[in-house]
Amino acid sequence: MDQTNPAAVVSAEDRFDDEDYPAYSMGAAAEMLQVTPTFLRALGAAKLIEPLRSGGGHRRYSRYQLRLAARARELVDQGTPVEAACRIIILEDQLAEALRINAARERPAGD
């Protein structure tokens, strides 16, 4: 971490609140979701989640990515093929973002 650049200084509290901070190793993520590392790699191959890599090259997952993976597991457990589950989740995520944008546009400027 660059201590001379104030923008580069990130507190532990900021990391706890950051849904995109890659805090979880593959093993921890797999254990939390009760899936195999192979399942997580399949989600990466299907372009649902692309984990960041640690300095040593290990996959690191964020809370946001774990939520997507948990949703994928729900769909797969219901019989949806992995590729189809990933596409469904991507479309759900795009719809949610579009709804957030539309809601923000509808709010008065003073809110």
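All residue numbers refer to positions in the sequence shown, counting from 1. Not measured: the values here are computed from a predicted model.
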CE of Met32 to CZ of Arg63, rounded to nearest 0.5 Å, is 9.5 Å

With a 4.5 Å heavy-atom cut-off, do Arg60 and Met26 have their side chains touching?
no

Any chance you could lay out the side chain to side chain contact (heavy atoms under 4.5 Å, CB included) test for Leu52 and Tyr61, step after step, and finish with the verdict?
CA-CA 7 Å; Leu52 292 176; Tyr61 296 90; over 6 Å; no

Tell me whether Arg59 contacts the main-chain N or O of Pro51 through its side chain, where contact means a donor paired with an acceptor under 3.5 Å.
no

Under the side chain to side chain contact (heavy atoms under 4.5 Å, CB included) criterion, do Glu74 and Asp77 qualify, and how do the steps go?
CA-CA 5 Å; Glu74 288 174 11; Asp77 286 350; 5.9 Å; no

Answer with yes or no whether the hydrophobic clustering places Tyr21 together with Leu33; edges join I, L, V, M, F, W, Y residues whose side-chain heavy atoms lie under 4.5 Å apart.
no

For Phe39 and Arg73, run side chain to side chain contact (heavy atoms under 4.5 Å, CB included): C-alpha distance rounded to whole Å, both residues' side-chain angles, the deciding distance at 0.1 Å, then the answer.
CA-CA 9 Å; Phe39 180 78; Arg73 179 174 180 212; 4.3 Å; yes

Can you list everything that forms a side chain to side chain donor-acceptor pair (under 3.5 Å) with Glu50? Sequence neighbours excluded, please.
none

Looking only at heavy atoms, which two atoms of Ala46 and Cys86 are closest? And how far apart?
CB-SG, 3.6 Å

Glu97 vs Asp93, side chain to side chain contact (heavy atoms under 4.5 Å, CB included): CA-CA, chis, key distance, verdict:
CA-CA 6 Å; Glu97 180 63 17; Asp93 203 45; over 6 Å; no

Quick check against the 3.5 Å criterion: does Gln65 have a side-chain atom that pairs as donor or acceptor with the backbone of Ser62?
yes

When rounded to the nearest 0.5 angstrom, what is the spacing between CG in Leu99 and CD in Gln94?
12.0 Å

In this structure, are over 12 heavy atoms from other groups packed under 6.0 Å from Glu31 atom CD?
no

Does the Thr80 side chain pair with the main chain of Ala84, one donor and one acceptor, at a distance under 3.5 Å?
no

Nearest 0.5 Å please: distance from the CG atom of Leu48 over to the CG atom of Leu43.
5.5 Å

NZ on Lys47 to CD on Glu83, rounded to 0.5 Å:
10.0 Å

